[in-house]
Chemist: 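Input: one structure, supplied below.
Keep in mind it's a predicted model, so treat the numbers as computed, not measured. Letters A, B, ... mirror the listed sequences (proteins, then strands); counts begin at 1.
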Amino acid sequence: MLDLKFIRENPEIVKQGLLNKNEKVTIDELLALDLERRNKLQTVEELKAKRNKVSQEVAQLKKTGQNADHIIAEMKTVSDEIKNLDDSVRIVEEKMNELLAWTCNLPHDSVPVGKSAAENVEYRNWLPEGFTFENKFDQIDHVELGKKHNILDFERGAKISGSGFPVYVGKGATLERALINFMLDFHINKHNYKEIMPPFLVNRESMKGTGQIPKMEEDMYHCEKDDLFPIPTAEVPITNLHRGEILNDEELPINYVGYSACFRREAGSYGKDSKGFLRVHQFNKVEMVKFVKPETSYAELENLVTDAEDILKALNVPYRILTLCTGDLSFSAAKCYDIETWSPAENKWLEASSCSNFEAFQARRANIRYRKSEDKKVEFIHTLNGSGLATSRLMVSILENNQTEDGRIIVPEVLRKYTGFDIIG
RNA sequence: GGAGAGUUGGCAGAGUGGUUGAAUGCGGCGGUCUUGAAAACCGUUGACGGUGCAAGCUGUCCCGGGGUUCGAAUCCCUGACUCUCCGCCA
(Lines give C-alpha, C1' and ligand atoms only; values in the text may rest on other atoms or scores of the structure.)
Protein backbone atom coordinates (compact mmCIF):
# COMPACT_ATOMS: atom_id res chain seq x y z
CA MET A 1 0.00 0.00 0.00
CA LEU A 2 1.17 3.50 -0.76
CA ASP A 3 1.18 6.22 1.87
CA LEU A 4 -1.99 8.27 1.43
CA LYS A 5 -0.26 11.36 2.75
CA PHE A 6 2.46 10.96 0.14
CA ILE A 7 -0.15 10.60 -2.62
CA ARG A 8 -1.93 13.71 -1.38
CA GLU A 9 1.28 15.72 -1.42
CA ASN A 10 2.85 14.30 -4.60
CA PRO A 11 0.04 13.26 -6.95
CA GLU A 12 2.07 13.88 -10.12
CA ILE A 13 5.05 11.78 -8.98
CA VAL A 14 2.69 8.95 -8.09
CA LYS A 15 0.86 9.12 -11.42
CA GLN A 16 4.12 9.03 -13.38
CA GLY A 17 5.35 6.06 -11.33
CA LEU A 18 2.17 4.11 -12.04
CA LEU A 19 2.37 4.94 -15.73
CA ASN A 20 5.94 3.65 -15.83
CA LYS A 21 4.73 0.40 -14.32
CA ASN A 22 2.02 0.10 -17.00
CA GLU A 23 -0.66 0.42 -14.34
CA LYS A 24 -4.06 2.03 -14.35
CA VAL A 25 -4.01 5.42 -12.65
CA THR A 26 -6.87 6.13 -10.24
CA ILE A 27 -5.19 8.84 -8.23
CA ASP A 28 -7.70 11.60 -8.97
CA GLU A 29 -10.57 9.39 -7.87
CA LEU A 30 -8.67 8.50 -4.75
CA LEU A 31 -7.93 12.12 -3.87
CA ALA A 32 -11.57 13.12 -4.38
CA LEU A 33 -12.63 10.41 -1.96
CA ASP A 34 -9.92 11.48 0.47
CA LEU A 35 -11.27 15.02 0.48
CA GLU A 36 -14.84 13.80 0.93
CA ARG A 37 -13.74 11.62 3.82
CA ARG A 38 -11.97 14.40 5.64
CA ASN A 39 -14.90 16.77 5.26
CA LYS A 40 -17.36 14.26 6.65
CA LEU A 41 -14.96 13.25 9.38
CA GLN A 42 -14.75 16.79 10.64
CA THR A 43 -18.52 17.13 10.90
CA VAL A 44 -19.05 13.81 12.60
CA GLU A 45 -16.23 14.41 15.03
CA GLU A 46 -17.74 17.67 16.19
CA LEU A 47 -20.97 15.83 16.89
CA LYS A 48 -19.14 13.09 18.74
CA ALA A 49 -17.31 15.61 20.88
CA LYS A 50 -20.68 17.08 21.78
CA ARG A 51 -22.12 13.66 22.56
CA ASN A 52 -19.19 12.83 24.84
CA LYS A 53 -19.61 16.09 26.69
CA VAL A 54 -23.35 15.79 27.13
CA SER A 55 -23.06 12.16 28.22
CA GLN A 56 -20.99 13.32 31.12
CA GLU A 57 -23.54 15.97 31.99
CA VAL A 58 -26.24 13.30 31.99
CA ALA A 59 -24.13 11.25 34.37
CA GLN A 60 -23.74 14.28 36.65
CA LEU A 61 -27.46 15.04 36.62
CA LYS A 62 -28.42 11.46 37.39
CA LYS A 63 -25.89 11.26 40.17
CA THR A 64 -27.43 14.29 41.86
CA GLY A 65 -30.92 12.94 41.27
CA GLN A 66 -31.96 15.55 38.74
CA ASN A 67 -34.03 14.99 35.64
CA ALA A 68 -32.17 14.65 32.32
CA ASP A 69 -34.99 13.66 30.01
CA HIS A 70 -34.89 16.78 27.83
CA ILE A 71 -31.15 16.43 27.11
CA ILE A 72 -31.53 12.74 26.42
CA ALA A 73 -34.29 13.40 23.93
CA GLU A 74 -32.15 15.99 22.21
CA MET A 75 -29.16 13.68 22.07
CA LYS A 76 -31.20 10.99 20.43
CA THR A 77 -31.33 13.01 17.22
CA VAL A 78 -27.63 13.78 17.46
CA SER A 79 -26.92 10.09 17.81
CA ASP A 80 -28.94 9.27 14.72
CA GLU A 81 -27.06 11.90 12.80
CA ILE A 82 -23.76 10.43 13.96
CA LYS A 83 -24.82 6.98 12.89
CA ASN A 84 -25.72 8.19 9.41
CA LEU A 85 -22.50 10.12 8.99
CA ASP A 86 -20.43 7.22 10.34
CA ASP A 87 -22.00 4.96 7.76
CA SER A 88 -21.25 7.33 4.92
CA VAL A 89 -17.66 7.80 6.12
CA ARG A 90 -17.29 4.03 6.20
CA ILE A 91 -18.55 3.70 2.65
CA VAL A 92 -16.05 6.29 1.45
CA GLU A 93 -13.27 4.54 3.35
CA GLU A 94 -14.16 1.20 1.82
CA LYS A 95 -13.96 2.69 -1.64
CA MET A 96 -10.61 4.23 -0.82
CA ASN A 97 -9.22 1.02 0.61
CA GLU A 98 -10.36 -0.87 -2.44
CA LEU A 99 -8.56 1.59 -4.71
CA LEU A 100 -5.46 1.57 -2.52
CA ALA A 101 -5.39 -2.24 -2.40
CA TRP A 102 -5.32 -2.28 -6.20
CA THR A 103 -2.64 0.40 -6.46
CA CYS A 104 0.85 -1.01 -7.03
CA ASN A 105 4.10 0.13 -5.49
CA LEU A 106 6.13 2.88 -7.17
CA PRO A 107 9.44 2.06 -8.85
CA HIS A 108 12.63 3.33 -7.21
CA ASP A 109 14.52 6.13 -8.97
CA SER A 110 17.35 3.79 -9.90
CA VAL A 111 15.05 1.48 -11.88
CA PRO A 112 15.37 1.86 -15.67
CA VAL A 113 12.14 3.00 -17.32
CA GLY A 114 10.86 0.48 -19.83
CA LYS A 115 7.74 -1.14 -21.20
CA SER A 116 8.45 -4.84 -21.00
CA ALA A 117 10.96 -7.56 -20.17
CA ALA A 118 12.78 -6.71 -23.39
CA GLU A 119 14.01 -3.53 -21.73
CA ASN A 120 15.51 -5.16 -18.65
CA VAL A 121 19.16 -4.27 -18.19
CA GLU A 122 21.96 -6.74 -17.53
CA TYR A 123 23.60 -5.91 -14.22
CA ARG A 124 26.41 -8.47 -14.16
CA ASN A 125 27.13 -12.08 -14.95
CA TRP A 126 29.31 -14.95 -13.85
CA LEU A 127 30.48 -17.93 -15.87
CA PRO A 128 32.34 -20.99 -14.60
CA GLU A 129 35.94 -21.38 -15.67
CA GLY A 130 36.22 -22.75 -19.19
CA PHE A 131 32.50 -22.25 -19.86
CA THR A 132 31.34 -21.54 -23.39
CA PHE A 133 27.85 -20.94 -24.72
CA GLU A 134 28.29 -23.27 -27.71
CA ASN A 135 26.65 -26.66 -27.51
CA LYS A 136 29.73 -28.87 -27.44
CA PHE A 137 28.36 -32.34 -28.00
CA ASP A 138 24.67 -32.02 -28.66
CA GLN A 139 23.67 -31.65 -25.02
CA ILE A 140 20.14 -32.95 -24.49
CA ASP A 141 17.47 -31.21 -22.46
CA HIS A 142 16.44 -31.94 -18.88
CA VAL A 143 13.24 -33.72 -19.88
CA GLU A 144 15.15 -36.28 -21.93
CA LEU A 145 17.83 -36.60 -19.28
CA GLY A 146 15.14 -37.17 -16.69
CA LYS A 147 13.56 -39.88 -18.76
CA LYS A 148 16.84 -41.51 -19.71
CA HIS A 149 17.93 -41.99 -16.10
CA ASN A 150 14.43 -42.38 -14.70
CA ILE A 151 14.87 -39.53 -12.25
CA LEU A 152 11.98 -37.29 -13.36
CA ASP A 153 8.50 -38.40 -14.36
CA PHE A 154 6.32 -35.68 -15.83
CA GLU A 155 3.79 -38.07 -17.36
CA ARG A 156 2.87 -39.79 -14.13
CA GLY A 157 2.75 -36.39 -12.42
CA ALA A 158 0.17 -35.36 -15.01
CA LYS A 159 -1.78 -38.54 -14.34
CA ILE A 160 -1.99 -38.17 -10.60
CA SER A 161 -2.41 -34.38 -10.43
CA GLY A 162 -2.35 -32.68 -13.82
CA SER A 163 0.31 -31.24 -16.08
CA GLY A 164 2.87 -29.15 -14.27
CA PHE A 165 3.16 -31.40 -11.23
CA PRO A 166 6.55 -33.10 -11.57
CA VAL A 167 7.46 -36.33 -9.84
CA TYR A 168 11.04 -36.84 -8.70
CA VAL A 169 12.19 -40.42 -8.74
CA GLY A 170 15.14 -42.21 -7.13
CA LYS A 171 18.35 -40.24 -7.50
CA GLY A 172 16.30 -37.38 -8.89
CA ALA A 173 14.39 -37.10 -5.63
CA THR A 174 17.59 -37.41 -3.63
CA LEU A 175 19.27 -34.72 -5.72
CA GLU A 176 16.31 -32.38 -5.24
CA ARG A 177 16.38 -32.93 -1.49
CA ALA A 178 20.16 -32.47 -1.44
CA LEU A 179 19.85 -29.18 -3.26
CA ILE A 180 17.28 -27.85 -0.81
CA ASN A 181 19.34 -28.89 2.20
CA PHE A 182 22.55 -27.50 0.75
CA MET A 183 20.95 -24.12 0.08
CA LEU A 184 19.35 -23.91 3.51
CA ASP A 185 22.58 -24.84 5.30
CA PHE A 186 24.55 -22.38 3.20
CA HIS A 187 22.32 -19.44 4.08
CA ILE A 188 22.05 -20.45 7.71
CA ASN A 189 25.76 -21.00 8.28
CA LYS A 190 27.49 -18.70 5.81
CA HIS A 191 24.99 -15.87 5.53
CA ASN A 192 23.52 -15.84 9.02
CA TYR A 193 19.86 -16.40 8.26
CA LYS A 194 17.46 -17.99 10.74
CA GLU A 195 15.53 -20.96 9.41
CA ILE A 196 11.75 -20.92 9.29
CA MET A 197 9.58 -23.85 8.29
CA PRO A 198 6.27 -22.16 7.57
CA PRO A 199 2.72 -23.36 6.95
CA PHE A 200 2.00 -24.03 3.28
CA LEU A 201 -1.56 -22.73 3.52
CA VAL A 202 -2.28 -19.19 4.62
CA ASN A 203 -5.37 -17.10 5.22
CA ARG A 204 -6.67 -14.21 3.14
CA GLU A 205 -5.17 -11.54 5.41
CA SER A 206 -1.68 -12.92 4.79
CA MET A 207 -2.18 -12.93 1.04
CA LYS A 208 -3.28 -9.31 1.21
CA GLY A 209 -0.34 -8.41 3.41
CA THR A 210 2.30 -9.33 0.87
CA GLY A 211 0.23 -8.08 -2.08
CA GLN A 212 -0.81 -11.28 -3.91
CA ILE A 213 -4.41 -10.30 -3.30
CA PRO A 214 -6.46 -8.72 -4.76
CA LYS A 215 -4.62 -8.27 -8.04
CA MET A 216 -3.18 -11.77 -8.48
CA GLU A 217 -5.99 -13.72 -6.85
CA GLU A 218 -6.75 -15.57 -10.11
CA ASP A 219 -3.23 -16.99 -10.11
CA MET A 220 -3.59 -18.46 -6.64
CA TYR A 221 -4.94 -21.82 -5.68
CA HIS A 222 -7.76 -21.49 -3.18
CA CYS A 223 -9.39 -23.86 -0.71
CA GLU A 224 -12.85 -22.41 -0.70
CA LYS A 225 -14.22 -24.29 2.26
CA ASP A 226 -11.70 -22.79 4.64
CA ASP A 227 -10.76 -19.67 2.66
CA LEU A 228 -7.12 -20.75 2.71
CA PHE A 229 -4.55 -20.35 -0.04
CA PRO A 230 -1.72 -22.76 -0.88
CA ILE A 231 1.27 -20.43 -0.86
CA PRO A 232 2.81 -19.30 -4.16
CA THR A 233 6.06 -18.64 -2.28
CA ALA A 234 7.35 -18.84 1.30
CA GLU A 235 7.56 -15.05 1.13
CA VAL A 236 3.89 -14.95 2.12
CA PRO A 237 3.96 -16.83 5.44
CA ILE A 238 7.44 -15.61 6.41
CA THR A 239 6.78 -11.92 5.76
CA ASN A 240 3.47 -12.25 7.58
CA LEU A 241 5.18 -13.70 10.64
CA HIS A 242 5.47 -10.16 11.96
CA ARG A 243 2.17 -8.83 10.64
CA GLY A 244 0.66 -6.33 13.06
CA GLU A 245 3.79 -6.22 15.20
CA ILE A 246 6.02 -3.43 16.41
CA LEU A 247 9.60 -4.68 16.33
CA ASN A 248 12.51 -3.44 18.36
CA ASP A 249 15.17 -1.75 16.30
CA GLU A 250 18.00 -3.67 17.99
CA GLU A 251 16.62 -6.87 16.49
CA LEU A 252 16.85 -5.46 12.95
CA PRO A 253 17.80 -6.55 10.40
CA ILE A 254 15.93 -9.83 10.71
CA ASN A 255 17.02 -12.42 8.14
CA TYR A 256 14.89 -15.49 7.63
CA VAL A 257 15.34 -18.37 5.25
CA GLY A 258 12.79 -21.08 4.65
CA TYR A 259 11.99 -23.93 2.37
CA SER A 260 8.51 -24.41 0.98
CA ALA A 261 6.72 -26.04 -1.86
CA CYS A 262 5.19 -23.32 -4.03
CA PHE A 263 1.84 -23.54 -5.77
CA ARG A 264 0.89 -21.43 -8.76
CA ARG A 265 -2.06 -21.74 -11.09
CA GLU A 266 -0.23 -19.92 -13.89
CA ALA A 267 -3.62 -19.02 -15.26
CA GLY A 268 -3.58 -17.99 -18.90
CA SER A 269 -0.04 -19.13 -19.61
CA TYR A 270 -0.77 -22.55 -21.06
CA GLY A 271 1.49 -23.60 -23.86
CA LYS A 272 4.08 -20.93 -23.13
CA ASP A 273 7.46 -22.30 -22.04
CA SER A 274 5.58 -25.21 -20.58
CA LYS A 275 8.03 -28.02 -21.24
CA GLY A 276 9.20 -30.03 -18.24
CA PHE A 277 10.33 -27.78 -15.41
CA LEU A 278 10.05 -24.53 -17.34
CA ARG A 279 6.58 -23.75 -16.03
CA VAL A 280 5.05 -25.86 -13.30
CA HIS A 281 2.19 -25.59 -10.81
CA GLN A 282 4.22 -26.94 -7.92
CA PHE A 283 7.90 -26.45 -7.28
CA ASN A 284 10.36 -26.23 -4.43
CA LYS A 285 12.01 -23.06 -3.33
CA VAL A 286 14.29 -21.77 -0.62
CA GLU A 287 13.31 -18.20 0.12
CA MET A 288 15.15 -15.45 1.97
CA VAL A 289 13.19 -12.67 3.69
CA LYS A 290 14.59 -9.57 5.33
CA PHE A 291 12.99 -7.06 7.69
CA VAL A 292 15.20 -3.96 7.76
CA LYS A 293 15.38 -0.29 8.71
CA PRO A 294 14.35 1.91 5.78
CA GLU A 295 17.72 3.59 5.42
CA THR A 296 19.49 0.27 4.87
CA SER A 297 17.10 -1.42 2.48
CA TYR A 298 18.96 -0.74 -0.76
CA ALA A 299 22.26 -1.93 0.69
CA GLU A 300 20.37 -5.01 1.93
CA LEU A 301 19.01 -5.62 -1.56
CA GLU A 302 22.58 -5.89 -2.82
CA ASN A 303 23.39 -8.32 0.01
CA LEU A 304 20.37 -10.39 -0.88
CA VAL A 305 21.49 -10.74 -4.49
CA THR A 306 25.02 -11.65 -3.43
CA ASP A 307 23.64 -14.30 -1.06
CA ALA A 308 21.69 -15.89 -3.91
CA GLU A 309 24.67 -15.64 -6.26
CA ASP A 310 26.96 -17.40 -3.79
CA ILE A 311 24.81 -20.52 -4.16
CA LEU A 312 25.21 -20.51 -7.92
CA LYS A 313 28.95 -19.98 -7.69
CA ALA A 314 29.23 -22.88 -5.27
CA LEU A 315 27.22 -25.03 -7.68
CA ASN A 316 29.28 -23.81 -10.63
CA VAL A 317 26.20 -22.72 -12.60
CA PRO A 318 26.51 -19.93 -15.21
CA TYR A 319 24.19 -17.01 -14.51
CA ARG A 320 23.43 -13.42 -15.26
CA ILE A 321 21.63 -10.77 -13.25
CA LEU A 322 19.09 -8.37 -14.72
CA THR A 323 17.76 -5.16 -13.30
CA LEU A 324 14.07 -5.30 -14.12
CA CYS A 325 12.75 -2.22 -15.87
CA THR A 326 9.68 -0.40 -14.54
CA GLY A 327 7.29 -2.22 -16.89
CA ASP A 328 8.42 -5.67 -15.78
CA LEU A 329 8.37 -4.97 -12.02
CA SER A 330 5.87 -6.95 -9.97
CA PHE A 331 2.93 -5.31 -8.18
CA SER A 332 4.60 -4.90 -4.77
CA ALA A 333 8.22 -4.31 -5.79
CA ALA A 334 10.07 -0.99 -5.89
CA LYS A 335 13.17 -2.60 -7.36
CA CYS A 336 13.97 -6.11 -8.44
CA TYR A 337 16.91 -8.11 -9.75
CA ASP A 338 16.27 -11.37 -11.56
CA ILE A 339 18.95 -14.04 -11.62
CA GLU A 340 18.86 -16.28 -14.66
CA THR A 341 20.78 -19.50 -15.14
CA TRP A 342 21.91 -20.88 -18.47
CA SER A 343 20.21 -23.79 -20.21
CA PRO A 344 22.40 -25.16 -23.03
CA ALA A 345 19.64 -27.35 -24.44
CA GLU A 346 17.10 -24.51 -24.59
CA ASN A 347 19.90 -22.18 -25.58
CA LYS A 348 18.54 -19.50 -23.30
CA TRP A 349 18.54 -18.01 -19.82
CA LEU A 350 15.98 -19.22 -17.27
CA GLU A 351 14.75 -17.18 -14.32
CA ALA A 352 15.80 -18.94 -11.12
CA SER A 353 15.63 -16.12 -8.61
CA SER A 354 14.00 -12.79 -8.05
CA CYS A 355 15.35 -10.44 -5.40
CA SER A 356 13.15 -7.50 -4.52
CA ASN A 357 12.95 -4.50 -2.26
CA PHE A 358 9.35 -3.71 -1.38
CA GLU A 359 10.31 -0.73 0.73
CA ALA A 360 7.36 0.01 3.07
CA PHE A 361 4.71 -1.27 0.64
CA GLN A 362 4.17 -4.66 2.26
CA ALA A 363 4.89 -3.30 5.73
CA ARG A 364 2.08 -0.78 5.32
CA ARG A 365 -0.34 -3.44 4.07
CA ALA A 366 0.62 -5.87 6.80
CA ASN A 367 1.20 -3.17 9.43
CA ILE A 368 4.76 -4.16 10.35
CA ARG A 369 6.58 -1.43 12.22
CA TYR A 370 9.57 -0.86 14.44
CA ARG A 371 10.35 1.48 17.31
CA LYS A 372 13.39 3.65 16.81
CA SER A 373 15.63 3.75 19.86
CA GLU A 374 16.67 7.37 19.18
CA ASP A 375 13.27 9.00 19.54
CA LYS A 376 10.95 6.05 20.42
CA LYS A 377 8.85 6.78 17.36
CA VAL A 378 7.27 3.96 15.39
CA GLU A 379 7.84 3.67 11.67
CA PHE A 380 7.15 1.13 8.96
CA ILE A 381 10.03 -1.22 8.28
CA HIS A 382 11.16 -2.20 4.82
CA THR A 383 10.77 -5.79 3.63
CA LEU A 384 12.82 -7.63 1.03
CA ASN A 385 12.84 -11.10 -0.29
CA GLY A 386 14.72 -13.21 -2.76
CA SER A 387 14.68 -16.75 -3.97
CA GLY A 388 17.77 -18.51 -2.80
CA LEU A 389 16.80 -20.28 -5.08
CA ALA A 390 13.92 -22.04 -6.84
CA THR A 391 15.00 -25.58 -7.58
CA SER A 392 12.98 -26.24 -10.75
CA ARG A 393 14.78 -23.93 -13.17
CA LEU A 394 18.02 -24.41 -11.31
CA MET A 395 17.68 -28.17 -11.72
CA VAL A 396 17.40 -27.67 -15.48
CA SER A 397 20.73 -25.89 -15.52
CA ILE A 398 22.41 -28.35 -13.18
CA LEU A 399 21.32 -31.41 -15.12
CA GLU A 400 22.07 -29.98 -18.54
CA ASN A 401 25.37 -28.29 -17.76
CA ASN A 402 26.77 -31.29 -15.90
CA GLN A 403 26.00 -33.95 -18.47
CA THR A 404 28.96 -35.83 -19.89
CA GLU A 405 29.51 -36.78 -23.48
CA ASP A 406 28.35 -40.32 -22.73
CA GLY A 407 25.08 -39.01 -21.27
CA ARG A 408 25.72 -39.28 -17.56
CA ILE A 409 25.22 -36.49 -15.02
CA ILE A 410 27.94 -35.39 -12.65
CA VAL A 411 26.69 -34.25 -9.25
CA PRO A 412 28.14 -30.85 -8.28
CA GLU A 413 30.90 -31.26 -5.70
CA VAL A 414 29.11 -29.36 -2.92
CA LEU A 415 26.02 -31.57 -3.14
CA ARG A 416 27.82 -34.90 -2.82
CA LYS A 417 27.84 -35.04 0.94
CA TYR A 418 24.06 -34.60 0.77
CA THR A 419 23.39 -37.08 -2.05
CA GLY A 420 25.84 -39.80 -1.14
CA PHE A 421 26.60 -40.36 -4.83
CA ASP A 422 28.62 -38.33 -7.30
CA ILE A 423 27.22 -39.39 -10.66
CA ILE A 424 23.86 -40.34 -12.14
CA GLY A 425 23.90 -43.03 -14.85
C1' G B 1 -16.70 -33.27 15.62
C1' G B 2 -19.15 -32.52 20.94
C1' A B 3 -19.02 -29.78 25.99
C1' G B 4 -17.14 -25.95 28.91
C1' A B 5 -13.77 -21.60 30.17
C1' G B 6 -11.33 -17.51 28.32
C1' U B 7 -9.16 -13.15 25.01
C1' U B 8 -8.13 -5.93 28.54
C1' G B 9 -1.76 -1.52 27.57
C1' G B 10 5.45 -4.26 26.48
C1' C B 11 4.04 -8.28 30.27
C1' A B 12 0.92 -9.78 34.53
C1' G B 13 -3.83 -8.53 36.14
C1' A B 14 -8.61 -5.40 38.16
C1' G B 15 -12.81 -3.50 36.05
C1' U B 16 -21.70 -2.55 39.68
C1' G B 17 -23.78 0.57 31.51
C1' G B 18 -22.30 7.06 33.22
C1' U B 19 -14.97 11.99 34.44
C1' U B 20 -12.26 4.32 32.58
C1' G B 21 -7.69 5.30 27.59
C1' A B 22 -8.57 2.09 31.47
C1' A B 23 -6.93 0.59 38.91
C1' U B 24 -2.66 -2.14 40.68
C1' G B 25 2.05 -4.70 40.06
C1' C B 26 6.29 -5.66 36.92
C1' G B 27 9.10 -3.77 33.01
C1' G B 28 10.85 0.85 30.22
C1' C B 29 12.31 6.08 30.47
C1' G B 30 13.68 10.65 33.49
C1' G B 31 15.04 12.41 38.29
C1' U B 32 16.46 12.62 43.86
C1' C B 33 19.97 10.16 47.00
C1' U B 34 25.24 7.79 45.99
C1' U B 35 32.30 8.29 44.44
C1' G B 36 29.62 4.66 41.10
C1' A B 37 25.90 0.90 41.22
C1' A B 38 21.91 -1.48 43.84
C1' A B 39 17.89 -0.39 47.07
C1' A B 40 14.41 3.35 48.32
C1' C B 41 11.56 7.49 46.88
C1' C B 42 9.34 10.98 43.10
C1' G B 43 7.72 11.69 38.22
C1' U B 44 6.74 9.71 33.44
C1' U B 45 5.34 5.81 30.09
C1' G B 46 0.06 3.18 23.87
C1' A B 47 -1.36 3.33 18.71
C1' C B 48 -3.88 5.50 14.70
C1' G B 49 -6.70 9.52 12.36
C1' G B 50 -8.62 14.85 11.72
C1' U B 51 -7.26 20.05 12.38
C1' G B 52 -3.39 23.68 13.22
C1' C B 53 3.02 27.11 11.59
C1' A B 54 3.03 25.55 16.50
C1' A B 55 1.46 25.00 21.55
C1' G B 56 -2.90 22.74 21.40
C1' C B 57 -7.84 21.01 20.35
C1' U B 58 -10.39 16.71 18.89
C1' G B 59 -12.07 11.59 17.29
C1' U B 60 -11.35 6.26 17.32
C1' C B 61 -9.30 1.89 19.40
C1' C B 62 -10.09 -2.99 25.76
C1' C B 63 -9.62 -10.13 19.86
C1' G B 64 -12.56 -9.02 14.68
C1' G B 65 -17.57 -7.73 12.72
C1' G B 66 -22.70 -6.29 13.69
C1' G B 67 -26.53 -4.63 17.29
C1' U B 68 -29.16 -2.46 21.91
C1' U B 69 -28.66 2.53 24.48
C1' C B 70 -28.81 9.55 25.27
C1' G B 71 -24.17 6.86 26.77
C1' A B 72 -20.75 0.20 25.98
C1' A B 73 -14.33 -2.62 28.00
C1' U B 74 -19.06 -3.73 30.60
C1' C B 75 -25.47 -6.05 27.73
C1' C B 76 -27.03 -9.03 22.99
C1' C B 77 -25.73 -11.60 18.21
C1' U B 78 -21.82 -13.44 15.19
C1' G B 79 -16.82 -14.85 13.68
C1' A B 80 -11.60 -15.90 14.88
C1' C B 81 -8.14 -17.62 18.26
C1' U B 82 -6.40 -19.89 23.09
C1' C B 83 -7.03 -23.40 27.15
C1' U B 84 -9.47 -27.87 29.57
C1' C B 85 -12.36 -32.42 28.92
C1' C B 86 -14.50 -36.19 25.43
C1' G B 87 -14.35 -38.49 20.45
C1' C B 88 -11.26 -39.41 16.06
C1' C B 89 -6.33 -39.57 14.20
C1' A B 90 -0.43 -39.41 11.42
Side-chain angles (χ1 to χ4, degrees), chain A residues 1-9 30-101 197-209 213 223-229 237 240-252 254 261 291 360 362-381:
Chain A
M1 200 152 61
L2 295 177
D3 181 11
L4 189 58
K5 218 172 259 171
F6 182 83
I7 299 176
R8 214 182 275 154
E9 285 159 13
L30 191 63
L31 289 178
L33 288 168
D34 177 46
L35 196 64
E36 187 184 346
R37 172 179 173 269
R38 283 184 293 157
N39 285 337
K40 289 190 164 156
L41 211 52
Q42 234 168 313
T43 317
V44 74
E45 281 187 2
E46 275 168 32
L47 290 174
K48 282 183 180 173
K50 182 176 176 187
R51 180 179 69 185
N52 289 343
K53 224 176 116 198
V54 174
S55 280
Q56 287 186 13
E57 287 170 25
V58 171
Q60 275 308 319
L61 288 173
K62 292 220 162 177
K63 208 178 265 179
T64 55
Q66 297 176 61
N67 188 294
D69 291 352
H70 58 291
I71 318 187
I72 288 175
E74 187 198 332
M75 289 316 288
K76 199 170 169 64
T77 61
V78 173
S79 267
D80 287 345
E81 222 174 315
I82 289 175
K83 194 171 283 178
N84 288 335
L85 274 166
D86 264 346
D87 283 346
S88 87
V89 168
R90 196 168 50 228
I91 289 167
V92 172
E93 280 177 349
E94 273 165 19
K95 284 188 199 159
M96 285 176 71
N97 288 335
E98 180 72 7
L99 279 180
L100 273 175
M197 196 172 282
F200 290 1
L201 285 99
V202 297
N203 58 29
R204 186 169 285 275
E205 250 342 271
S206 296
M207 292 293 268
K208 281 187 193 164
I213 279 181
C223 309
E224 218 168 300
K225 230 175 179 173
D226 302 290
D227 202 21
L228 290 173
F229 297 82
N240 277 283
L241 280 177
H242 294 300
R243 188 175 75 221
E245 294 184 10
I246 298 177
L247 303 167
N248 247 322
D249 70 352
E250 304 99 70
E251 54 189 324
L252 299 177
I254 295 173
F291 299 77
Q362 292 182 328
R364 214 173 271 116
R365 284 172 93 97
N367 198 22
I368 311 170
R369 294 169 294 173
Y370 78 107
R371 195 179 297 279
K372 292 185 276 183
S373 47
E374 309 95 72
D375 55 6
K376 305 287 173 205
K377 293 267 188 249
V378 259
E379 196 175 297
F380 289 110
I381 53 127

Chemist: Given A/Thr77 and A/Asp80, is the side-chain hydrogen bond (donor to acceptor under 3.5 Å, both in side chains) satisfied, shown in steps?
Modeler: CA-CA 5 Å; A/Thr77 61; A/Asp80 287 345; over 6 Å; no
Chemist: What's the closest nucleotide to the side chain of A/Ala59 if the choices are B/U58, B/C48, B/G18?
Modeler: B/G18
Chemist: Whole angstrom is fine here: how far is it from CE in A/Met75 over to C1' in B/G17?
Modeler: 17 Å
Chemist: Map A/Lys48 and A/Arg38 onto RNA chain B by nearest heavy atom, then report which one ends up closer to the 5' terminus.
Modeler: A/Arg38
Chemist: From C-beta outward on A/Arg37, which listed nucleotide comes closest to its side chain: B/G50, B/U68, B/C70?
Modeler: B/G50
Chemist: Choose from B/G49, B/U68, B/U51 the nucleotide whose nearest atom is closest to any side-chain atom of A/Leu41.
Modeler: B/G49
Chemist: Taking only the side-chain nitrogens and oxygens of A/Arg90, find out if one of them lies under 4.0 Å from OP1 or OP2 of B/G65.
Modeler: no
Chemist: Write down the distance separating the C1' atoms in B/G67 and B/A12, rounded off to the nearest Å.
Modeler: 33 Å
Chemist: Could you check A/Lys50 against A/Arg8 and say which one's nearest nucleotide on RNA chain B is further toward the 5' end?
Modeler: A/Arg8
Chemist: Please state how far atom CG in A/Leu4 lies from atom C1' in B/C48, giving the value in whole angstrom units.
Modeler: 13 Å
Chemist: Which value, in whole Å, describes the distance between the P atoms of nucleotides B/G49 and B/G1?
Modeler: 39 Å
Chemist: I need the CG-P distance between A/Asp34 and B/U51, as an integer number of Å.
Modeler: 8 Å
Chemist: Nearest to the side chain of A/Ala49 - B/C70, B/U58, B/C48?
Modeler: B/U58
Chemist: Taking CG from A/Leu47 and P from B/C57, how many angstroms apart are they, rounded to a whole number?
Modeler: 21 Å
Chemist: Using atom CG of A/Asp87 as one end and atom P of B/G67 as the other, report the distance to the nearest whole Å.
Modeler: 7 Å
Chemist: Does the pair A/Asp86/A/Lys83 count as a salt bridge with the N-to-O cut at 4.0 Å?
Modeler: no
Chemist: In whole Å, what is the span from the CG atom of A/Asn52 to the C1' atom of B/G71?
Modeler: 9 Å
Chemist: In whole Å, I'd like the distance from the CD atom of A/Glu36 to the C1' atom of B/G50.
Modeler: 16 Å
Chemist: Using a strict threshold of under 4.0 Å (side-chain N to carboxylate O), is an ion pair present between A/Arg51 and A/Glu81?
Modeler: no
Chemist: Which part of the nucleic acid does A/Val378 contact within heavy-atom distance under 4.0 Å: base, sugar-phosphate only, or nothing?
Modeler: sugar-phosphate
Chemist: So if I take every side-chain heavy atom of A/Lys83 and compare against B/C70, B/U68, B/G66, which nucleotide ends up nearest?
Modeler: B/U68
Chemist: Quick one: does A/Arg365's side chain have a donor or acceptor within less than 3.5 Å of a partner on A/Lys208's backbone?
Modeler: yes
Chemist: Inspect the contact between A/Glu9 and A/Lys5 and indicate whether a charged nitrogen and a carboxylate oxygen are less than 4.0 angstrom apart.
Modeler: no
Chemist: Checking only heavy atoms, does the side chain of A/Glu45 share a donor-acceptor pair with the base of B/G49 at less than 3.5 Å?
Modeler: yes
Chemist: Side chain of A/Ser55: nearest nucleotide among B/U60, B/G18, B/U51?
Modeler: B/G18
